[in-house]
Amino acid sequence: MAQAKINSKYSEELAQESLEWIKAVTSEPINTSGDTDNFFEVLKDGVILCKLANALQPGSIKKINESKMAFKCMENISAFLECAKNFGVPTQETFQSVDLWERQNLNSVVICLQSLGRKAANFNKPSIGPKEADKNVRNFSDEQLRAGQNVISLQYGSNKGATQSGINFGNTRHM
């Protein structure tokens with residue numbers, strides 16, 4: 001039941017976009033169909049993910065395990081996740097190795113790849129999804145900062161006609 005709910009969030013379009021992006025960055029001849037079976041088959045051993053990390057930043061993952069043994073594949077996936085975090089993918093947008101390896105939550109894998117895809121522009125590679133916002137640092141002088149302390153922000157609401165004893169207008173309530 002819970003599995004069906006997780007799978008319902010999976011988007012074949014985003015999965016396909018992710019795979020096409022991986023293909024563009026790595027030049028690997030992968031099938032870019034977004035259905036869950038293909039998405040899982042292409043990525044489950046972690047080899048393509050490791051190649052992706054190395055394509056974004058050469059030497060990111062020193063050893064890619066080509067073996068099909070479970071723990072070797074999990075090692076590849078973990079190495080990729082470590083790189084994704086180093087590339088700036090927020091922890092909440094990464095996935096657990098078992099999400100991919102045991103096919104528990106392929107949607108979280110798509111989310112992670114989409115997030116990484118947005119960061120790809122930082123490595124002069126094609127990127128997917130919306131452009132990341134740039135930092136907008138503002139430098140205020142001490143004088144400007146002091147002037148701001150005297151302004152009563154309207155976020156706190158206005159104080160029109162109110163006293164500590166309450167707002168009095170119209171017919172008041174007699175007790």
Q: Among Val110, Leu113, Leu43, find the one that has a side chain to side chain contact (heavy atoms under 4.5 Å, CB included) with Leu19.
A: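 With Leu19 as partner, side chain to side chain contact (heavy atoms under 4.5 Å, CB included) holds for just one option, Leu43.
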
Q: Could you tabulate the donor-acceptor pairs under 3.5 Å formed by side-chain atoms of residues 44-55, not counting sequence neighbours?
A:
from: Lys44; atom 1: NZ; to: Glu41; atom 2: OE1; distance (Å): 3.4
from: Asp45; atom 1: OD1; to: Val47; atom 2: N; distance (Å): 3.1
from: Asp45; atom 1: OD2; to: Lys68; atom 2: NZ; distance (Å): 2.7
from: Asn54; atom 1: OD1; to: Ser60; atom 2: N; distance (Å): 3.0
from: Asn54; atom 1: OD1; to: Ile61; atom 2: N; distance (Å): 2.7
from: Asn54; atom 1: ND2; to: Ile61; atom 2: O; distance (Å): 3.0

Q: Quick check for you: to the nearest 0.5 Å, what is the distance between Glu66 atom CD and Cys73 atom SG?
A: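 These two atoms lie 10.0 Å from each other.
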
Q: Are Ile111 and Ile77 co-members of a hydrophobic cluster defined by side-chain heavy atoms under 4.5 Å apart?
A: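 No, it is not one cluster - the side chains of Ile77 and Ile111 are not joined through contacts under 4.5 Å.
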
Q: Are Phe39 and Ser33 packed together at the side-chain level, in the sense that at least one heavy-atom pair is separated by less than 4.5 angstrom?
A: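 In short, these two side chains do not touch, never coming nearer than 4.5 Å.
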
Q: May I ask you to decide if Asp35's main-chain N or O and Asn38's side chain share a donor-acceptor pair within less than 3.5 Å?
A: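 Absent.
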
Q: Holding to side-chain contact (heavy atoms from CB on, under 4.5 Å), I want the full list of residues that pass it with Glu17, two or more places apart in sequence or in another chain.
A: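 side-chain contact (heavy atoms from CB on, under 4.5 Å) list for Glu17, sorted by chain: Leu14, Gln114, Ile128.
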
Q: Sort and list the pairs that fulfil salt bridge (Lys or Arg N to Asp or Glu O under 4.0 Å) and have at least one residue in residues 69-79, not counting sequence neighbours.
A: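 Non-adjacent pairs meeting salt bridge (Lys or Arg N to Asp or Glu O under 4.0 Å): zero.
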
Q: Do Trp21 side-chain atoms and Pro126 backbone N/O form a donor-acceptor pair below 3.5 Å?
A: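 Flag set: sc Trp21 to bb Pro126 pair under 3.5 Å.
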
Q: Using distance alone, with no hydrogens and no angle criterion, decide if Glu20 and Gln16 have a side-chain donor and acceptor under 3.5 Å apart.
A: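 Their side chains do contain a donor-acceptor pair, which is all the 3.5 Å distance test asks for.
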
Q: Considering all heavy atoms of both residues, which atom of Asn107 and which atom of Ser11 are nearest to each other, and what is their separation?
A: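 Between these two residues, the closest heavy atoms are OD1-N, 4.4 Å.
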
Q: Whether the side chain of Asn76 engages the backbone of Asn65 through a donor-acceptor N/O pair (distance < 3.5 Å, no angle test) should be reported.
A: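 Indeed, once roles are kept as given, a pair shorter than 3.5 Å links the two residues.
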
Q: Determine the minimum heavy-atom distance between Thr32 and Lys23, stating which atoms define it.
A: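 Between these two residues, the closest heavy atoms are CG2-CD, 3.7 Å.
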
Q: Kindly state each residue pair satisfying side-chain hydrogen bond (donor to acceptor under 3.5 Å, both in side chains) with at least one member in residues 78-91, sequence neighbours excluded.
A: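 Output for this query lists Ser78-Ser97.
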
Q: Indicate yes or no: at least one non-hydrogen side-chain atom of Tyr10 is less than 4.5 angstrom from one of Thr36.
A: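 Yes - at least one pair of side-chain heavy atoms lies under 4.5 Å apart.
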
Q: Checking Asp142 now: which residues fulfil salt bridge (Lys or Arg N to Asp or Glu O under 4.0 Å) with it, not counting sequence neighbours?
A: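 Residues passing salt bridge (Lys or Arg N to Asp or Glu O under 4.0 Å) with Asp142: none at all.
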
Q: Can you tell if the side chain of Phe40 reaches within under 4.5 Å of the side chain of Trp101, non-hydrogen atoms only?
A: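 No - every pair of side-chain heavy atoms lies 4.5 Å or more apart.
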
Q: Is it true that, when you exclude Gln92 itself, more than 12 heavy atoms of the residues, nucleotides or ligands shown sit nearer than 6.0 Å to its CD?
A: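 Yes, CD of Gln92 has more than 12 neighbouring heavy atoms, counting only those of other groups under 6.0 Å.
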
Q: Run the salt bridge (Lys or Arg N to Asp or Glu O under 4.0 Å) test against Glu93 and tell me which residues pass, sequence neighbours left out.
A: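 For Glu93, the residues satisfying salt bridge (Lys or Arg N to Asp or Glu O under 4.0 Å) (neighbours in sequence not counted) are Arg118.
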
Q: Answer whether the closest heavy-atom distance between the side chains of Val25 and Phe123 falls below 4.5 Å.
A: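 Val25 does not reach Phe123 side chain to side chain.
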
Q: Please report the closest heavy-atom contact between Lys125 and Leu56, naming both atoms and the distance.
A: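 Nearest heavy atoms, Lys125 then Leu56: CG-CD2, 3.8 Å.
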
Q: Is there a side-chain contact between Leu106 and Leu100 (heavy atoms, below 4.5 Å)?
A: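 Yes; the side chains approach each other to less than 4.5 Å.
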
